[in-house]
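Only one structure is covered here, and it is reproduced in the block below.
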Amino acid sequence: MSRYNPRDAEPKWQSIWADQGVDCAPREASDSPKYYVLEMFPYPSGKIHVGHSRNYAMGDVVARYKRARGFDVLHPMGWDAFGLPAENAARERNVHPRDWTLKNIDVMRGQLQRLGLALDWDREIATCEPDYYRHQQAIFLKFFEKGLVERRQAKVNWDPVDNTVLANEQVIDGRGWRSGALVVQRELDQWFLKITDYSDALLDGLDRLDRWPDKVRLMQANWIGRSRGAHVTFPFADTEDKIRFGCDGITVFTTRPDTLFGASFLALASDHAITTALADDNPLVERFARDCQASGRTEEEIEKAPKKGVDLGVKVLHPFDKDWEIPVWSANFVLSTYGTGAVFGSPAGDQRDLDFARKYSLPVTPVVLPPDTDAASHTITNDAYTGAGTIYNSRFLDGLSTEDAIERAIDELEKRKLGEGATTYRLRDWLVSRQRYWGCPIPVVHCKSCGVVPVPEDQLPVELPADVTFDKSGNPLDRHDSWRNVDCPKCGGAAKRETDTLDTFVCSSWYFLRFTSPWPNDKPFDAAEAQRWMPVDQYVGGIEHAILHLLYARFFTRALHDCGLIDMPDGEPFAGLFTQGMVTHETYKSEAGKWLAPTEIDERDGKTFEIETGKPVTVGAIEKMSKSKKNVVDLDDFIDTYGADAARWFVLSDSPPERDVEYTDGGVDGVWRFVQRLWSLVDDFTGQSDADLSGVSAAGLDLRKAAHRSIRDVTDAIEGFRFNSAVAKVHDLVNSLRKFTARNDADIAAHGEALEILAQLIAPFMPHLAEACWERLGQDGILATTAWPEADPALLVDDTVTMPVQVNGKRRGQIEIAKGTDKDAAEKAALADPGVARSLEGLNVRKVIVVPDRIVNIVAG
RNA sequence: GCGGACGUGGCGGAAUUGGUAUACGCAACAGACUUAAAAUCUGUCGCCCGUAAGGGAUUGAGGGUUCAAGUCCCUCCGUCCGCACCA
């Protein structure tokens with residue numbers, strides 16, 4: 001018996017696959033159905049660790065399985081290569097961002113290749129290359145033409161550590177998604193993509209994504225945040241105000257026009273136009289507005305601030321009663337960015353309004369009567385009633401349900417021309433400009449006489465200048481005069497290039513389209529090829545992109561369709577999405593409080609200590625593998641020791657793919673043992689597997705059944721994305737094989753058949769070992785081009801079944817009977833079982849339930 | 001606060017439409033081989049009572065539907081995640 005040595009075997013098979021080009025997607029369409037499987041492409045940050053490999057291992061199982069099932073498979077890989085870490089590296093290590101990035105790509109490509117992933121490397125792309133981003137610039141200009149790009153001044157999120165603005169989606173709990181710095185608000189001129197033009201389409205499209213996790217769909221729906229209600233205008237009481245503010249009244253957005261008769265005040269955002277206008281001559285208002293000004297303050301502080309406001313001294317009239325005057329306040333809890341930046345306060349039905357009304361002694365009139373209460377006893381003290389009920393204290397709305405009253409109030413508002421049904425969204429336009437060097441240049445120039453002028457398409461790409469330095473803070477493009485100063489493409493006069501670059505999420509919003517045809521120089525992708533391969537049938541990635549990347553990409557395909565670049569009326573780029581769990585590992589901290597890598601510690605006598613110093617180590621929480629906590633296992637180290645197959649098998653074992661899996665040395669040892677055990681099963685087999693199968697012994701037949709059941713079970717598990725179950729089922733087959741002893745020649749053939757099936761079933765998971773087994777079994781050709789095995793239906797059914805027999809729901813025995821035995825016979829057999837008979841002593845059988853081939857339950861008493 | 005998911009042995013977890021709960025793996029224990037250890041192999045292995053045969057309780061807690069509930073319904077507890085002054 002020889003040991004299986006992945007160090008020799010894995011490179012051997014990898015070069016055979018590469019020589020035969022088995023992993024390349026067919027360039028020509030065939031009669032076979034297509035299958036596009038894609039893992040979210042990585043940022044080339046340095047090295048891959050075992051944690052990263054789980055994502056690719058899952059995609060590869062699907063790719064290899066689908067290929068064996070006869071699909072034309074597209075499984076490409078590339079690099080999300082623009083981004084800030086490259087600039088930080090430039091600053092810290094005096095290396096050019098491009099050199100740093102390309103070096104990392106080389107290292108990581110080598111690692112992915114060592115994993116033996118069935119990737120079509122002919123289609124590799126890196127977003128930092130001009131031959132990629134030139135097309136992105138062309139797309140940007142197409143969007144510009146189509147009115148999907150806007151440059152405007154807006155209050156934006158400024159990350160003071162990364163020195164750039166961020167999109168709303170990139171601010172998590174008031175902090176920058178990458179730097180973790182508290183984000184501040186600043187008023188700046190910025191570039192936006194009008195994703196809000198697609199709010200409805202993006203929301204409604206979610207319903208059709210039935211192969212997406214509900215969780216992700218829900219998160220996107222919440223993020224888009226469509227809410228239906230009404231715009232209501234409260235006319236100014238004083239006609240002079242109409243002149244002063246240049247409008248007839250103040251328009252608010254509300255989802256509850258049914259509570260209009262509970263209105264006790266209007267509240268405006270501190271930077272609402274009217275607040276700002278009044279601040280000019282009212283020092284109190286001015287001071288209040290200044291206090292609230294978000295600039296220089298963090299989102300976190302804004303959220304935690306207690307409610308406060310200032311009476312603006314302005315009065316408006318109730319839309320349904322011109323004799324009812326309502327005071328107008330400015331309040332710090334009103335968001336200027338949502339709705340109209342103004343609300344009407346109906347304190348009985350809204351907790352914020354109630355808090356505000358109590359603080360400033362404003363009237364509180366309950367207008368919604370909760371079910372099963374009466375008007376006389378229902379009062380509001382410190383808790384608003386926000387639920388549904390019957391409207392009262394509300395004149396013509398009295399007696400209506402909440403729902404009906406909303407309709408009725410909107411009808412009435414429309415009649416009086418003081419309002420109309422309206423829908424607002426939480427989604428904001430996508431801020432795409434970044435004040436960074438290492439990104440795709442925005443292809444416009446600023447001309448004093450012509451304004452913003454797009455760079456003509458024949459002058460693309462606008463390439464990043466290579467000669468930049470990072471010794472000063474800020475964007476080096478701003479300081480690069482020879483690059484910056486250009487002639488205006490329109491008038492020929494002196495102009496300046498835009499120095500902002502595009503958010504890297506723009507690069508990842510269409511890369512999956514470029515993969516379908518990464519060759520043309522004159523267009524982003526070949527429309528026919530995109531048509532052929534899209535949508536991505538199975539996308540695999542982390543849940544952290546539930547909103548960001550996945551929402552942007554869905555917007556992009558829609559916008560590209562509307563610009564005529566692709567024909568995708570459905571607009572959905574990813575038909576199936578799977579969000580995989582992370583690989584976790586214990587964390588270690590030295591006595592000095594520094595994070596330690598698993599390779600820097602050792603364990604003896606149940607104590608953990610630092611190898612270098614011998615000092616004790618604190619074992620911390622089990623967390624997602626990450627460089628920052630150093631709890632990573634290097635992929636090269638792992639492959640050197642155990643091989644790529646072991647890594648792949650390990651990350652897919654035990655835990656369901658959507659859940660986290662914990663990396664433990666014990667688990668890895670188990671995988672190593674399993675690999676060797678499996679190999680020796682094959683290596684020890686000396687028989688002929690193509691002998692005649694007729695005449696197998698009972699044990700041989702059992703083995704054949706076990707093997708064919710494995711085909712069925714592993715197939716079902718892969719189809720259902722239950723890789724851990726597939727692994728368990730393969731274990732079952734291995735255990736059956738280990739117990740098996742052949743009794744005659746036919747048994748030997750059955751043994752060989754089971755081993756062949758085993759090799760085929762592990763091929764998507766451990767492709768190198770599978771090929772080695774296949775070769776050792778004397779098979780022709782390679783598994784990479786071999787069809788998936790088919791289970792023989794005759795071997796999936798048993799002649800006899802074991803039926804448990806319950807008495808009053810408790811299992812008391814079991815009977816072996818022929819499959820398909822009718823109810824009467826099964827009942828008779830069940831009652832004859834000695835265990836059953838014993839537990840029925842002294843009882844009368846009242847009823848017998850027989851589920852044929854399943855179970856017998858005897859009710860007795 | 002709002003919304004969602006989940007809760008099964010020492011651990012990770014399995015269980016078609018409700019039909020033998022604890023598959024598979026890890027850890028643990030015992031034995032074989034060995035001068036010894038490692039590796040490997042064999043066996044045991046959720047809990048309680050019992051030498052055993054066997055019996056009892058059991059899928060976070062409590063209740064319900066059913067011949068039958070991990071699975072369906074209600075209440076509660078806990079953990080995790082998302083959103084968070086969104087009018």
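By convention in this document, chain letters (A, B, ...) are assigned in the order of the sequence lines, proteins followed by strands, and residues within each chain are numbered from 1.
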At 4.0 Å (heavy atoms only), tell me whether [X] reaches a base, stays on the sugar-phosphate, or touches nothing.
X         : result
Ser227(A) : sugar-phosphate
Val252(A) : nothing
Thr255(A) : sugar-phosphate
Arg428(A) : nothing

Pairwise 5' ranking along RNA chain B for Asp660(A) and Asn808(A), keeping only the more 5' one: Asp660(A)
Whichever of Lys847(A) and Ser655(A) has its nearest RNA chain B nucleotide further upstream toward 5': Ser655(A)
Distances under 3.5 Å between nitrogen or oxygen atoms of protein and nucleotides 2-10 of chain B:
none

Whole-Å distance between [N] [atom2] and [X] [atom1]?
X         : N      : atom1 : atom2 : answer
Leu681(A) : C41(B) : CG    : C1'   : 13 Å
Lys739(A) : U42(B) : NZ    : P     : 10 Å
Met582(A) : C80(B) : CE    : P     : 17 Å
Gln170(A) : C83(B) : CD    : P     : 13 Å
Leu551(A) : C83(B) : CG    : P     : 13 Å
Phe234(A) : A87(B) : CZ    : P     : 16 Å
Asp853(A) : U16(B) : CG    : C1'   : 15 Å
Arg709(A) : U16(B) : CZ    : P     : 17 Å

Side-chain donor-acceptor contact under 3.5 Å, [X] with [Y]:
X         : Y         : result
Tyr338(A) : Thr424(A) : yes
Thr275(A) : Ser270(A) : no
Asp429(A) : Thr196(A) : yes

For Asn5(A), side chain to side chain donor-acceptor pair (under 3.5 Å) partners two or more places apart: Asp8(A)
Atom pair NE2 (His585(A)) and CG (Asn631(A)), whose distance is rounded to the nearest 0.5 Å: 7.0 Å
Distance in Å, Thr381(A) OG1 paired with Arg358(A) CZ, rounded so as to fall on 0.5 Å steps: 7.0 Å
Whole-angstrom distance between [N] and [M], as gauged at atom [atom1]:
N      : M      : atom1 : result
U40(B) : A53(B) : P     : 32 Å
C29(B) : U17(B) : C1'   : 42 Å
U79(B) : C67(B) : P     : 38 Å
A14(B) : C24(B) : C1'   : 7 Å
G9(B)  : G62(B) : P     : 15 Å
A23(B) : G46(B) : P     : 8 Å
C73(B) : A87(B) : C1'   : 35 Å
U59(B) : A21(B) : C1'   : 7 Å

Proximal nucleotide (of G12(B), G55(B), C85(B)) relative to the Arg812(A) side chain: G55(B)
Closest to side chain of Lys307(A), choosing from G82(B), C85(B), A15(B): C85(B)
Anti versus syn assignment for G9(B), with syn defined as within 90° of 0: syn
Derivation and outcome, side-chain contact (heavy atoms from CB on, under 4.5 Å), residues Val668(A) and Trp672(A): CA-CA 6 Å; Val668(A) 174; Trp672(A) 177 248; 5.6 Å; no
For [N], give its Watson-Crick or G-U wobble partner with both distances under 3.5 Å, or none.
N      : result
U22(B) : none
A30(B) : U42(B)
A5(B)  : U79(B)
A14(B) : none
U65(B) : none

Lys359(A) atom NZ, over 12 foreign heavy atoms within 6.0 Å: yes
Smallest separation among heavy atoms of Asp258(A) and Ala405(A), with atom names: CB-CB, 3.5 Å
Electrostatic pair Asp798(A)-Lys705(A), nearest N-O below 4.0 angstrom: yes
Parallel, tilted or perpendicular: ring planes of His545(A) versus His549(A), cut at 30 and 60 degrees: perpendicular
Parallel, tilted or perpendicular: rings of His731(A) and Trp649(A) (30°, 60°): tilted
N or O in side chain of Lys810(A) less than 4.0 angstrom from A68(B) OP1/OP2: no
Base versus backbone protein contacts along nucleotides 18-34 of chain B [heavy-atom cut-off under 4.0 Å; B, S, -]: -BB--BSSSS-------
